[in-house]
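Following: one structure in structure tokens, then a few remarks.
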Number of protein chains: 2
Amino acid sequence: MSDELLRALDQAGVRLTGPRREIAALIAKRNGHFTAADLIADASKRRLGVGRATIFRLLDLLAEQGLVERVDLPDGRHAYVPCEPSHHHHLVCVACGAIAEVEDCGIDAVTSEASRRSGFTIESHRLELFGRCPNCRSAN
Amino acid sequence: MSDELLRALDQAGVRLTGPRREIAALIAKRNGHFTAADLIADASKRRLGVGRATIFRLLDLLAEQGLVERVDLPDGRHAYVPCEPSHHHHLVCVACGAIAEVEDCGIDAVTSEASRRSGFTIESHRLELFGRCPNCRSAN
DNA sequence: GGGGTGTTGATACTTGGTCTCATTGTGTGC
DNA sequence: GCACACAATGAGACCAAGTATCAACACCCC
Ligand SMILES: [Mn+2]
Ligand SMILES: [Mn+2]
Ligand SMILES: [Zn+2]
Ligand SMILES: [Zn+2]
């Protein structure tokens, strides 16, 4: 469940505190993308005494380690998804929030073409794909 | 300068009011990306009496018309860039904020490959490329 | 030039996130 | 196991971005 997150945090040399364990468990229990506000609501529902700031701090930490990644939803909200630390992109289901990961499938060709045309040196890119997962598609 | 924006707004059947003309002029005077806060600062520096809300409202309007597009900067800020109303993507210079537009250069292949692998139906995508423009690259 | 209606700006409010700081809890060395 | 140094916590103030409300106003068509 949340063991992977905790293990990775430990590896990174940060302290494994009570609040961090609890928040990690909340994250593991979610599926699809979630916002900081979601976690704050979860925490208060379960009467965990964790502070709002602690949740933001842990999200930052996890993002630094590449264990979660920030996704900018089309409506402007900032969401997170649990994540492999290697470079890849996300498909986001606009109906249920489910996430699929795709590794580079030809995007390097796109960036180098764009670089050639524009004269820019490209240092990073962000690709987000929005659509419907197999479930939500068949459920119509 | 700001004539294009105004003409397009007129075409879309919205009223060409004083505040809208002034804000359009501010946008035209900018280069590269800008935030709502930038415009608010510009407006107050020139002692235009335009309200904060009016600026947000016009940005929404322009975005609906595809005359500006929102770019989510890597640091989480929401910026806007003046824009052609047709689909395309942006290269953003991380040093000076300059923008270049690129039309689809092979991204359809990427999305259909991702769709095939994941089973998702893809409805929209967002690609943002970050790097350095020719100027900033040579200036080192 | 009036008049209906879309627009405006002041202001209050909400939401997302950061900062500070006194208190607590963790890992480490012994 | 114990003490200690220092990382982490939570409460709360604070800040910034954006939205809602509403009375006053201005555009545009006639
Ligand atoms: Mn991922
Ligand atoms: Mn554009
Ligand atoms: Zn779905
Ligand atoms: Zn540049």
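In the text below, chain A, chain B and the rest are named by the order of the sequence lines, each starting its count at 1. Because only heavy atoms are used, hydrogens play no part in the values below, and waters and symmetry mates are left out as well, while side chains stay in.
Nearest-nucleotide assignment on DNA chain D puts the 5′-proximal partner with A:G51, out of A:G51 and B:F56. Map A:A53 and B:G18 each onto its nearest nucleotide of DNA chain D; the residue landing nearer the 5' end is A:A53.
Between A:D75 atom CG and C:dT15 atom P the separation is 15 Å, expressed in whole Å. Whole-Å rounding puts the A:Y80 OH to C:dG17 P distance at 6 Å. Distance, B:L73 CG to D:dA16 C1': 16 Å, rounded to whole Å. Distance B:H78 NE2 to D:dT19 C1': 15 Å, rounded to the nearest Å. As a whole-Å value, the separation of B:L61 CG from C:dG6 C1' is 11 Å. Rounded to an integer number of Å, the gap from CG of B:D10 to C1' of D:dC27 is 12 Å. Per the geometry, CD1 belonging to B:I55 stands 16 Å off P belonging to D:dA16, to the nearest Å. Here D:dA8 presents its P atom at 17 Å from CD of A:E22, a figure rounded to the nearest Å.
Residue A:T17 places no side-chain N or O under 4.0 Å from the OP1 or OP2 atom of C:dG25.
A tilted orientation is assigned to the rings of A:H89 and A:H125, their planes being inclined by 30° to 60°.
Residue B:R57 places a side-chain atom within donor-acceptor reach of the base of C:dG9, judged by atom type and a 3.5 Å distance cut-off alone. Residue-to-nucleotide contacts include no donor-acceptor pair under 3.5 Å from the side chain of A:R20 to the base of C:dG25. The base of D:dG10 is not paired with the side chain of A:R52 by any donor and acceptor separated by under 3.5 Å.
A distance of 6.0 Å or more separates the ring centres of B:H33 and B:H78.
Inspection of the B:R77 and B:T35 side chains reveals no N or O donor paired with an N or O acceptor under 3.5 Å.
Using a 4.0 Å heavy-atom cutoff across all strands shown, A:G49 reaches sugar-phosphate atoms only and no base atom.
Residues B:V94 and B:L73 have side chains not in contact (no heavy-atom distance under 4.5 Å, counting atoms from C-beta outward).
When distances are taken from the side chain of B:P19 to each of D:dC6, C:dG16, C:dG9, the shortest belongs to C:dG9.
Taking 4.0 Å as the cut-off between side-chain N and carboxylate O, B:R7 and B:E4 do not count as a salt-bridged pair.
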